[in-house]
Novice: 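My structure is below; once you've seen it, I'll send some questions.
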2 protein chains.
Amino acid sequence: MDLDTVRTFVAAAEAGQFQEAAAELAVTQQAVSKRIAALERDLGVRLFTRTPRGAELTIDGQAFLPHARELLRAAERAVASVRTGRRPLRVDVIASRGAATGLMRGFHRSHPEIDLDVVMLFDIETAVSALRSGAIDASFRAVAAPGRPLPEDIDFVRVLDEPLQLLTGPGHALASARSVTVAQLVGHRIWMPGIVPGTEWAAYYDDLVAEFGLTIEATGPNFGSDVLIDTVADTPALATFMSEQTRLVWPAGHGLRRIPVTDPTPVYPHSLLWHRDNPHPALPTLRAHLATTGTGHDAPGTWTPDWVLPR
Amino acid sequence: MDLDTVRTFVAAAEAGQFQEAAAELAVTQQAVSKRIAALERDLGVRLFTRTPRGAELTIDGQAFLPHARELLRAAERAVASVRTGRRPLRVDVIASRGAATGLMRGFHRSHPEIDLDVVMLFDIETAVSALRSGAIDASFRAVAAPGRPLPEDIDFVRVLDEPLQLLTGPGHALASARSVTVAQLVGHRIWMPGIVPGTEWAAYYDDLVAEFGLTIEATGPNFGSDVLIDTVADTPALATFMSEQTRLVWPAGHGLRRIPVTDPTPVYPHSLLWHRDNPHPALPTLRAHLATTGTGHDAPGTWTPDWVLPR
DNA sequence: CTACGGATACAACCGCTGGTTGTGACGGGG
DNA sequence: CCCCGTCACAACCAGCGGTTGTATCCGTAG
């Protein structure tokens, strides 16, 4: 099916006749007739009843019309998503089960009129160069990875400290604990597949290991969170970290336990980054929204790596 | 823009390489390459970065991908809307500011998983033949116009009695009344543009006129409810009937009055009609829904034309 | 260092889609 | 009864979009 054909159908339905639709589309009446005939052949139904005074929709045509309009709107939005200048606000969220997507959902709920596109970039370096080139407008990241200072023209604010919880199966040694301290985790195997070396997450867990002597296995291929959770549920010796805010969609009865971690609570520090000179009109709106909804940071009893910038 | 091209883009993005996408789409690698190149030329942005090991999305490509998927889903739904067998439930609602659309919205809210298409047919005869041919699955109508008994194979139930209210401007003689009786309306001009002769609505108002001696001007072109309401608001000598359930989207301060009518209250009797042998799986669900939400009918103090079938 | 494999891009060729022009059929209104 | 406006059909033709063949690039194995 061809979008020009759909456009022709809508034009003909609105005009009530092929001739006028043809004039509007700057083609001949015969072309419109052929396009409609082809569409009817493709769909297998008659869309118009032809009369000597024009063409009016059949019932099938009436049913098809709103879907055709929606199709054209979707095409419009698709093109707009890559249009330079006045395109939707393009935000990079960190590629993990994270809180950034939740923040963006909240923003979309309070500002449904602002068109959004969400992308996931590899690491903060990619994100920063994308911000500077204008390919994206904002990025949720942990600022900044060790030894790599942020460029002058990139601004940021801390928007959310995301506490980690321990996720275990029912057979785990800590499964019945109401909460665990970081010290209690020493010696237990914590499995974090899908952590890619070189990203901020990897640096975060490296620091966590270095500081408290934990055993975190960040290796192994990532088969998706289904496999991860399934494995954790069935393996008493394994646990994993998971955001407090991650909504588990998992059948009940698996006996999965979510256990808060204390003394201190490891939190992942999300910041919003943007280019100082980015002119996108929706960017201030996003910043204002996050300023109101964002929680405090560096609360007592929480831990973040040293290299996280304070502001 | 061509949907095959969009499909190709999505396939290539999922496969991560053109070759595999080509195999999946049963074309050559060169064809995929050309399609992607053409799409990039149309959009004016690069969608993939080509590597010796395949092709991965650029940031623009990432932003475009969900829109492309949505576009394909919309196309899917559009085709499904006219597919014979297992198509969305197709319901005819009466072509006026009516309660039927409200009922359908309610149904959609409680059963969002059921795909719906709404059409508006001219009169009950068209609706009945559409029901018998299977072109539509259900119809909201007033059953039945005088002298035209319903065929044997069409079933129906009364689902809603819709009370009429008087709508006046602030200068109208009855504007300050808390309620008016039908007898008080005698001599006042009531304007109902857009009532097409030969439809059930026309028959309804004809009966109302005949029974109570009202002055209803059902003639004149229909310029839309905006014009109607605007005129009523500014013309002290004019009033109109409007459903109690019609939500007015109108700037405040116009001083419009909605006045209940009593002794008796004219109600418009909506019935759901369907074909006895219609096999659509969602039809029983709709009937069950209407059975629970439907109000009673022929309540004391209400009026409907004689020819309305009771059940 | 070289050869090879697997990936994309470019060039040449060609069938067929989809446009135009010209014409016919049909039905309503003056 | 004729004329006008409408849509459909036929013939023709350009160009889009496919295929085949080939070049190029890069990572890797020998």
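The model shown is predicted, which means the values in this text are computed figures rather than measured ones. Numbers restart at 1 for each chain; the letters A, B, ... are given by sequence-line order, proteins then strands.
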Novice: How long is the line joining CD of A/Glu20 and C1' of D/dC7, in whole Å?
Specialist: 15 Å
Novice: Taking the side chain of B/Gln30 as heavy atoms from C-beta outward, which of D/dG21, C/dG22, C/dT20 is closest to it?
Specialist: D/dG21
Novice: If you check the A/Gln29 side chain, which of C/dA9, D/dA8, C/dG19 turns out closest?
Specialist: D/dA8
Novice: Using whole Å, what does the distance between atom P of nucleotide C/dA9 and atom CD of B/Gln17 come to?
Specialist: 12 Å
Novice: Could you tell me if B/Thr8 and B/Arg35 have a donor-acceptor pair between their side chains, going purely by distance under 3.5 Å?
Specialist: yes
Novice: Expressed as a whole number of angstroms, how long is the span from B/Arg35:CZ to C/dC10:P?
Specialist: 18 Å
Novice: Return the nearest nucleotide to the side chain of B/Gln19; candidates are D/dC26, C/dT8, D/dT6.
Specialist: C/dT8
Novice: For D/dA8, take OP1 and OP2 only and decide whether either is under 4.0 Å from a side-chain N or O of A/Ser33.
Specialist: yes
Novice: Quick one: which of D/dA8, D/dG18, C/dG27 gets closest to the side chain of A/Arg50?
Specialist: D/dA8
Novice: Any side-chain N or O of B/Arg53 below 4.0 angstrom from OP1/OP2 of D/dT28?
Specialist: no
Novice: Using distance alone, with no hydrogens and no angle criterion, decide if A/Asp137 and A/His275 have a side-chain donor and acceptor under 3.5 Å apart.
Specialist: no
Novice: Checking contacts here: which listed nucleotide (C/dT8, D/dA8, D/dT19) is nearest the side-chain heavy atoms of B/Ala55?
Specialist: C/dT8
Novice: Kindly indicate whether the side chain of A/Gln62, heavy atoms from C-beta on, has any atom under 4.5 Å from the side chain of B/Leu121.
Specialist: yes
Novice: When the ring planes of A/Phe241 and A/Tyr205 are compared, do they come out parallel, tilted or perpendicular, using 30° and 60° as the limits?
Specialist: parallel
Novice: Spell out, as yes or no, whether a donor-acceptor pair under 3.5 Å connects the side chain of B/Glu40 to the backbone of B/Leu47.
Specialist: yes
Novice: May I have the distance from B/Glu56 (atom CD) to C/dT8 (atom C1'), rounded to whole angstrom?
Specialist: 14 Å
Novice: Just to be sure I understand the rule, does B/Val27 reach a base, reach only the sugar-phosphate, or reach nothing, if contact means heavy atoms closer than 4.0 Å?
Specialist: sugar-phosphate
Novice: Starting from P on D/dG18, measure out to CZ on B/Phe18 and report it in whole angstrom.
Specialist: 14 Å
Novice: Heavy atoms from C-beta onward define the side chain here; which of C/dT20, C/dG6, D/dC7 lies closest to that of A/Lys34?
Specialist: C/dT20
Novice: What integer distance in Å separates A/Arg41:CZ from D/dA8:P?
Specialist: 14 Å
Novice: In whole angstrom, give the distance that lies between atom CG of B/Leu25 and atom P of D/dG17.
Specialist: 15 Å
Novice: Over how many whole Å does the gap from A/Phe48 atom CZ to D/dA8 atom P extend?
Specialist: 10 Å
